[in-house]
Amino acid sequence: MSRKILIGLAAGAIALSGCKKEADAPAAAAASEAASTSLPASNHEFQPAIDAGDFAELVGRLASDEFEGRGPGSVGEDRTVEYLRAQMQRIGLQPGNGDSFFQEVPMVETTADPNTKLVLTIGGEPVELGFGTDMVVGTRTGESLVSVKDSPVVFVGYGVKAPERGWDDYGDEDWTGKTVVMFVNDPGFHVDDPKLFDGKKMTYYGRWTYKFEEAARRGAKAALIVHDDAGASYGWDVVKNSWSGAQYDLPASDDPEPRIPVQGWLTADAARKLFAGAGISLEDAYKQANKPGFKPVPLNATLSVDLASSTARKTSRNVIGVLPGAGRADEAVLYMAHWDHLGKHEGEGDQIYNGAVDNATGVAGILEIAEAFAKQEPKPERSVVFVAVTLEESGLLGSKYYVAHPTFPLDKIAGVINLDAMSVAGRSKDLVVTGLGSSELDDMLKVHADQQGRVLKEEGNTAAGYYFRSDHFNFAKAGVPALYASGGSDLVEGGTAAGKAASAEYAKRYHQPSDEIHEGWRYDGIVEDLTALYGVGRDLAAGDRWPNWREGNAFKAARDRMMADKAPAAATP
């Protein structure tokens, strides 16, 4: 999570769109590694219904050291995807990509030299910044050496161009060859102004991904975001851990959007020195950036860096299983979760990033839901697809590739349900829907929440932009209604105080080697959450409804265009 659960087909029964057929043998694994990727069999007896013991078995295996942190392109990937294929076969799913359970995702692996030094010449005086301590930088170009020499540094506020809001931090300047420095989050956030953008609720303009995309569109040579805990919603250690080691991108041929040569983050202390050279305090810079009509500010500094990286072209894999529909097999409901995490890092102590909550819980969850669908009677009318995607931690790349190469045409997917970092704090009185109010899928979930005596709530920290930080977002951008929900913070035992404490405790382990299974995990809440999410998919797979986005939602126009020839149908039972 970028903060932050899986019958024969007649030939041609499912319409495939852009999918490839790959042999099931993992393309990334060498023959000599075959023995190392095999895993000991489990004697666990799985139950047909969603079951706490089954979930514990699945998540325990996925988060174990033998999967080595589930790093894409590693032996840990080989073990993970083979395990997922075996589970889908055990459950009774059919290969979801032609005759294969795998969809190969091409990727470029880039690992920046951790000894890289970035030099800011401020007012004529060079200041050397260290990798990990003062800054982190990387490149998406796929080049082994990217050099920037004496690039003028300009402050561009929040790095936002939003014509519909009358906001443009860049103006009409020529940005070729320049370095842009900007703040994370949206205008209005750091000064608590509810009249700017959506106040404390992050828009896509606030996400770091957007900011680098816009800088690239402007032709900048380098882009740096100033980190702060509140604006990013995570500490510097998360930035350092996430941006060090191997980073992944789709090849330019599969992702033709412009790419900036050097992109990264500055600590607040490093930024303070940079702004001081222009006679501006960091605090004053925040105030300036939040004023309508902001204009770019040259910072009396230049940037130089020789960024050496090791690069390799590899493939990772999405794992796809399908339960064919009994009546309308060409239409689908899709469940998804990302299987990847951060792999292993060198250093002292525990080196494996097990990713137990993020996102072994989600993958175990979709497998449990798949088991329930496979055993239910009557069989679903629509097909139900279970996709364990890769490269979420690298920018939602596996789901991005799937949306570009779907195994069902997007206008045949009635809805998407995403499971990412589920709550292990126990039963809750609420269900948190990230982006509550976005689509009619919320109404379908409410039916099952009501049956459980629970209420739907939006995420607690809307400033964090969680809606843009998990794989459902790629489907949303394409127009397909997507639901992202998990257990809430008002716990049956302990109320909101206990929920907040559990959240604060997990925040310490997020993207750390300590994200492991703990004795205090509670699975009763997981069973309730999975039951509700299964219920949404069961209703959607049994009927002929085509849920849509709410009026005013940015994604509705795309869905309306693709569904123009389908008669509208109510979204609730």
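We use all heavy atoms of the structure for the numbers below, so side chains are in, but hydrogens, waters and symmetry mates are not.
When every heavy atom of F131 is checked against every heavy atom of P114, the shortest pair comes out as CB-O, 3.3 Å. Here the closest non-hydrogen pair linking P152 and G177 is CD-O, 3.9 Å. Listed here is the closest heavy atom pair of L307 and G138: CD2-C, 3.6 Å. In this structure, P106 and D254 approach most closely via the heavy-atom pair CG-OD2, 3.4 Å. Annotation for W265 and V184: closest pair CH2-CG2, 4.0 Å, computed over non-hydrogen atoms. The shortest non-hydrogen separation linking S147 to D306 is OG-OD1, 2.7 Å.
Side-chain polar atoms of R140 and T110 form no donor-acceptor pair below 3.5 angstrom. H341 and D515 share no donor-acceptor pair across their side chains, judged by distance under 3.5 Å alone. In the model, D358 has a side-chain atom that pairs as donor or acceptor with a side-chain atom of H338 under 3.5 Å. Counting only N and O atoms by type, the side chains of N548 and W546 include no donor and acceptor under 3.5 Å apart. A donor atom on one side chain and an acceptor atom on the other are found under 3.5 Å apart for D174 and T176. In this structure, a donor-acceptor pair under 3.5 Å is absent between the side chains of T203 and D198. The closest side-chain donor-acceptor pair between T496 and D490, if any, does not fall under 3.5 angstrom. Remark: the S309 side chain and the T311 side chain contain no N/O donor-acceptor pair separated by less than 3.5 Å.
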Can you list the steps and then say if R545 with E440 is a side chain to side chain contact (heavy atoms under 4.5 Å, CB included)?
CA-CA 10 Å; R545 289 163 293 197; E440 294 166 350; over 6 Å; no

As a quick check of understanding, evaluate side chain to side chain contact (heavy atoms under 4.5 Å, CB included) for V480 and R559, giving each step before the final call.
CA-CA 6 Å; V480 182; R559 187 60 165 179; 4.0 Å; yes

For I225 and M182, run side chain to side chain contact (heavy atoms under 4.5 Å, CB included): C-alpha distance rounded to whole Å, both residues' side-chain angles, the deciding distance at 0.1 Å, then the answer.
CA-CA 5 Å; I225 297 174; M182 66 201 87; 3.9 Å; yes

Steps toward side chain to side chain contact (heavy atoms under 4.5 Å, CB included) verdict (V119, T302):
CA-CA 8 Å; V119 177; T302 61; over 6 Å; no

Please report the C-alpha distance between N318 and T390 in whole Å, then the side-chain angles of each, then the deciding distance to 0.1 Å, and finally whether the side-chain hydrogen bond (donor to acceptor under 3.5 Å, both in side chains) criterion is met.
CA-CA 6 Å; N318 294 331; T390 184; 5.5 Å; no

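Here CG of L282 is found 9.5 Å from CG of L274. Values are rounded to the nearest 0.5 Å. In this structure, OG1 in T139 is found 10.0 Å from CG in L145, a value given to the nearest 0.5 Å. One distance of note links CD of E214 with CG of D169; it measures 9.5 Å at 0.5 Å rounding. The line from NZ of K291 to CG of D193 is 12.5 Å long, rounded to the nearest 0.5 Å. Atom OG of residue S316 and atom CG of residue L250 lie 10.5 Å apart, to the nearest 0.5 angstrom. With rounding to the nearest 0.5 Å, the separation of NZ in K457 from CG in D430 is 4.5 Å.
Between Y286 and D228 the shortest side-chain heavy-atom distance falls below 4.5 Å. The shortest distance between side-chain heavy atoms of K400 and D255 falls below 4.5 Å. K221 is not listed as a side-chain neighbour of L303, based on a closest heavy-atom distance of 4.5 Å or more. Side chains of K178 and P296 form no contact here, defined as non-hydrogen atoms less than 4.5 Å apart. A 4.5 Å side-chain heavy-atom check between T111 and Q247 finds every atom pair outside the cut-off. Two residues are said to be in side-chain contact when any heavy atoms from C-beta on lie closer than 4.5 Å; I280 and Q288 meet this criterion. Side-chain contact between V389 and D340 is absent, with no heavy-atom pair separated by less than 4.5 Å. Contact annotation: the side chain of V455 never approaches that of K429 to less than 4.5 Å [non-hydrogen atoms, C-beta and beyond].
For the side chain to side chain donor-acceptor pair (under 3.5 Å) test, no residue two or more places apart in sequence or in another chain qualifies with T116.
Ring-plane geometry between Y204 and F468 is classed as tilted, the angle between the planes lying from 30 to 60 degrees on a 0 to 90 degree scale. Using cut-offs of 30° and 60° for the angle between ring planes, the H472 and Y467 rings count as perpendicular. Between F475 and Y402, the ring-plane angle classifies as tilted under the 30° and 60° cut-offs.
For Q103 (side chain) and V387 (main-chain N/O), no donor-acceptor pair under 3.5 Å exists by modelled atom type. Under the 3.5 Å distance criterion, the side-chain polar atoms of D529 are left unmatched by any main-chain donor or acceptor of S486. Panel note: side chain S438, backbone G435; a donor-acceptor pair is recorded below 3.5 Å. Side-chain N or O atoms of N185 include none that pairs as donor or acceptor with a backbone N or O of M202 at under 3.5 Å. When atom types are taken as modelled, the side chain of W236 and the backbone of M135 share no donor-acceptor pair closer than 3.5 angstrom. D471 places no side-chain N or O within donor-acceptor distance of the main-chain N or O of M336, the cut-off being under 3.5 Å. Looking only at distances, a side-chain donor or acceptor of R70 sits under 3.5 Å from a matching main-chain atom of G355. A donor-acceptor contact shorter than 3.5 Å links the side chain of W175 to the backbone of E173. Without hydrogens or angle criteria, N418 side chain to Y484 main chain gives no donor-acceptor distance under 3.5 Å. Between the side chain of Y248 and the main chain of P72, a donor-acceptor pair closer than 3.5 Å is present.
For the pair K477 and F555, the cation does not sit on the ring face, since its NZ or CZ is not both under 6.0 Å from the ring centre and inside 45° of the axis.
Within 6.0 Å of the NZ atom in K273, the count of heavy atoms belonging to other residues, nucleotides or ligands does not exceed 12. Counting non-hydrogen atoms of neighbouring residues, nucleotides and ligands closer than 6.0 angstrom, the CD atom of E164 exceeds 12 such neighbours. Counting non-hydrogen atoms of neighbouring residues, nucleotides and ligands closer than 6.0 angstrom, the NZ atom of K446 reaches no more than 12 such neighbours. Within a 6.0 Å radius of NZ in K500, other residues, nucleotides and ligands contribute 12 heavy atoms or fewer.
Checked against the 6.0 Å centroid criterion, the rings of W167 and Y158 do not qualify as a close aromatic pair. The six-membered or imidazole ring of F155 lies near that of F275, with a centre-to-centre distance under 6.0 Å.
Taking a cutoff of 4.0 Å between a charged side-chain nitrogen and a carboxylate oxygen, R272 and E283 qualify as a salt bridge. Residues E505 and R509 are paired through a salt bridge, judged by an N-O separation under 4.0 Å between the basic side chain and the carboxylate.
Sorted pairs that involve residues 116-128 and meet salt bridge (Lys or Arg N to Asp or Glu O under 4.0 Å), not counting sequence neighbours, are lacking altogether.
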